[in-house]
Number of protein chains: 2
Amino acid sequence: MSRLTEIKKSDPKKGEKKTQDDIVYEHIFDAILEQRLPPGTKLNEESLGEIFGVSRTIIRRALSRLGYEQVVVLRPNRGAVVASPTIDEARQIVFARRVVEKAVTELVCDNAETDQIEQLKQLVRDERACFDRGDLGAGIRLSGEFHLRLAEMAKNPPLLSFQRSLVSLCSLIIAQFEKGETKSHCSYDEHFELIDAIAQRDKDKAVALMMHHLDHIEHKLSLDEEAADNDLKAIFSNVRSRKLS
Amino acid sequence: MSRLTEIKKSDPKKGEKKTQDDIVYEHIFDAILEQRLPPGTKLNEESLGEIFGVSRTIIRRALSRLGYEQVVVLRPNRGAVVASPTIDEARQIVFARRVVEKAVTELVCDNAETDQIEQLKQLVRDERACFDRGDLGAGIRLSGEFHLRLAEMAKNPPLLSFQRSLVSLCSLIIAQFEKGETKSHCSYDEHFELIDAIAQRDKDKAVALMMHHLDHIEHKLSLDEEAADNDLKAIFSNVRSRKLS
DNA sequence: GTTGATTTTTATGTATACAATTCTATTATG
DNA sequence: CATAATAGAATTGTATACATAAAAATCAAC
């Protein structure tokens with residue numbers, strides 16, 4: 001396999017303290033968020049090493065970090081795969097996100113500065129642009145970044161770190177349970193509403209909007225559950241009329 | 001340095017799927033929780049490797065996991081040290097814990113099974129025994145385990161993983177800001193009360209008790225802040241009567 | 001042809017060697 | 001005497017080699 005991405009060792013750009021495994025981590029992370037690496041994909045250490053032009057040491061570091069965030073599943077002696085949460089696990093993840101997002105939203109209403117709010121708006125404009133031009137992958141990533149930016153604005157590093165894990169897991173869930181349907185991704189409307197509520201320092205409204213926002217994800221899960229159920233029933237609809245083995 | 005702990009490679013005990021870095025991770029984790037490794041301690045990779053009888057590869061894995069949980073601080077090219085949160089950071093950690101513990105407590109009130117509650121009680125009895133016999137270290141660890149057990153009972157893996165990080169950070173905070181004072185560690189009383197509320201499925205009471213429990217930690221921080229302030233004032237009380245430089 | 005055992009191959013886990021960086025001690029200089 | 005510069009030691013970062021465990025392929029027997 002050829003080296004798609006050469007990592008320069010000495011790239012003395014401003015403020016770049018990123019180490020090599022950070023870069024690999026972010027590339028894989030983004031690829032998962034943008035659904036270029038769908039749930040279940042095996043992540044071979046040597047292949048990744050060749051792709052990024054680094055040794056397995058670096059790849060393993062990046063993978064174990066992703067594993068800690070539960071975005072990939074590390075199976076001892078059997079390598080890493082992109083996580084593919086069940087519907088139940090997805091519900092638990094969304095629940096955890098409700099808990100965190102509520103706290104984050106309230107903190108942001110208290111602490112947000114006006115220029116930060118302006119930056120948020122720009123981010124959502126970018127998000128809208130992506131969806132408009134059909135770039136789903138980048139759109140989903142920016143949608144996730146919106147929520148990460150909120151967590152940053154809450155100025156609580158532990159919550160931010162947890163949010164990072166939850167946002168990527170949610171992107172994974174969306175990737176897994178929302179095959180093909182694009183229209184549901186018009187989340188930017190809700191993002192704009194949320195920003196307005198925050199700008200008005202209206203905690204109750206902002207939290208309500210956020211919960212409503214999460215309801216949408218959860219609703220999809222129920223739909224999918226029914227669909228899967230129907231599929232199974234369809235697949236085995238002939239069982240009763242046949243001899244069982 | 002001698003090998004304090006030999007790790008057997010083939011120890012086919014029941015259900016033991018622990019890999020070597022898990023074991024190293026837990027040993028260091030426990031040492032931090034029990035305050036045998038005080039905040040600020042440098043964690044030298046080679047020394048740790050000799051102590052545990054493994055190569056730096058394993059040690060680095062364990063350290064980066066601890067770093068991800070923010071229990072140790074990883075400074076690029078400069079090694080790992082046990083985290084020593086400032087009072088502000090401590091407040092943020094306690095805040096995050098309020099958020100998680102509230103959710104956990106409510107979930108546990110809904111889902112706790114009677115035999116789990118009995119196990120909890122036993123745990124707190126053990127905790128009390130530790131403090132009674134003066135084993136602060138083990139007591140603090142069991143106190144932390146009480147909260148981890150609650151998070152397990154909430155049956156929400158993402159919340160549990162976050163709780164794990166927060167509990168160890170809180171132990172660190174207690175270690176840092178509560179030097180010498182033992183009497184404050186009579187948290188087991190509050191733990192018993194909390195168990196009762198859970199057994200009665202009284203959500204409001206349980207949450208209130210939990211918040212009150214966390215108030216105690218936060219109160220310590222304020223005390224310590226004042227103390228530090230007083231110390232500084234005492235140290236420099238002679239400045240005004242002296243020539244400055 | 002299907003099943004099961006055995007070998008071969010591939011991938012992961014761990015140790016080690018070397019490179020790059022930071023820390024420390026010594027010396028030089030004002 | 002303090003400060004700066006520099007050489008050396010110690011420590012971390014990365015690549016690689018080897019050990020070990022899965023997975024795949026081959027072959028045997030039925």
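Letters A, B, ... mirror the listed sequences (proteins, then strands); counts begin at 1.
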Are any non-hydrogen side-chain atoms of A:Leu172 and A:Val82 less than 4.5 angstrom apart?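 Sidechains of A:Val82 and A:Leu172: in contact.
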Using side-chain heavy atoms (C-beta onward) and a distance below 4.5 Å, is B:Gln122 in contact with B:Asp126?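 Contact flag for B:Gln122/B:Asp126 side chains = yes.
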Any donor-acceptor pair under 3.5 Å linking the side chain of B:Glu101 with the backbone of B:Arg98?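 Not a single qualifying donor-acceptor pair exists.
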Test your reading of the model: is there a side-chain donor-acceptor pair from A:Ser168 to the backbone of A:Arg164, 3.5 Å cut-off?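 The answer is yes, because a donor-acceptor pair under 3.5 Å joins these two groups.
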Which nucleotide in C:dA15, D:dT14, C:dT22 has an atom nearest any side-chain atom of B:Asn77: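 Per side-chain heavy atoms of B:Asn77, the pick is C:dT22.
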State which of D:dT12, C:dT16, D:dT14 makes the closest approach to the side chain of A:Thr57.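 For the A:Thr57 side chain, the nearest candidate turns out to be D:dT14.
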Euclidean distance, atom [atom1] of residue [X] to atom [atom2] of [N] [Å, nearest integer]:
| X | N | atom1 | atom2 | result |
| --- | --- | --- | --- | --- |
| A:Ile58 | C:dA19 | CD1 | P | 16 Å |
| B:Leu63 | D:dT11 | CG | P | 14 Å |
| B:Arg56 | D:dA10 | CZ | P | 15 Å |
| A:Asp21 | D:dA15 | CG | P | 10 Å |
| A:Arg61 | C:dT12 | CZ | C1' | 18 Å |
| B:Leu48 | D:dA10 | CG | C1' | 15 Å |
| B:Phe52 | C:dA15 | CZ | C1' | 18 Å |
| B:Arg75 | D:dT12 | CZ | P | 9 Å |

Reckon A:Arg60 has a side-chain N or O less than 4.0 Å from the OP1 or OP2 of C:dT12?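 No.
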C:dT14, OP1 or OP2 - any side-chain N/O from B:Gln20 closer than 4.0 Å?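 So the side-chain polar atoms of B:Gln20 do come within 4.0 Å of the phosphate oxygens OP1 or OP2 of C:dT14, strictly under.
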Check residues 73-80 of chain A and write down every donor-acceptor pair under 3.5 Å in which the side-chain atom is one partner and the other belongs to a residue at least two apart or another chain.
unit_1: A:Arg75; atom_1: NE; unit_2: A:Gly79; atom_2: O; d: 3.4
unit_1: A:Arg75; atom_1: NH2; unit_2: A:Arg78; atom_2: O; d: 2.6

Charged N to carboxylate O under 4.0 angstrom, A:Asp22 versus A:Arg65?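 Salt bridge: yes.
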Tabulated below should be each protein N or O lying under 3.5 Å from an N or O of nucleotides 7-11 of chain C; please produce it.
unit_1: C:dA11; atom_1: OP1; unit_2: A:Asn44; atom_2: ND2; d: 3.4

Apply side chain to side chain donor-acceptor pair (under 3.5 Å) to A:Glu69 and list each qualifying residue two or more places apart in sequence or on a separate chain.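 By the side chain to side chain donor-acceptor pair (under 3.5 Å) rule, A:Glu69 matches A:Tyr25, B:Tyr68.
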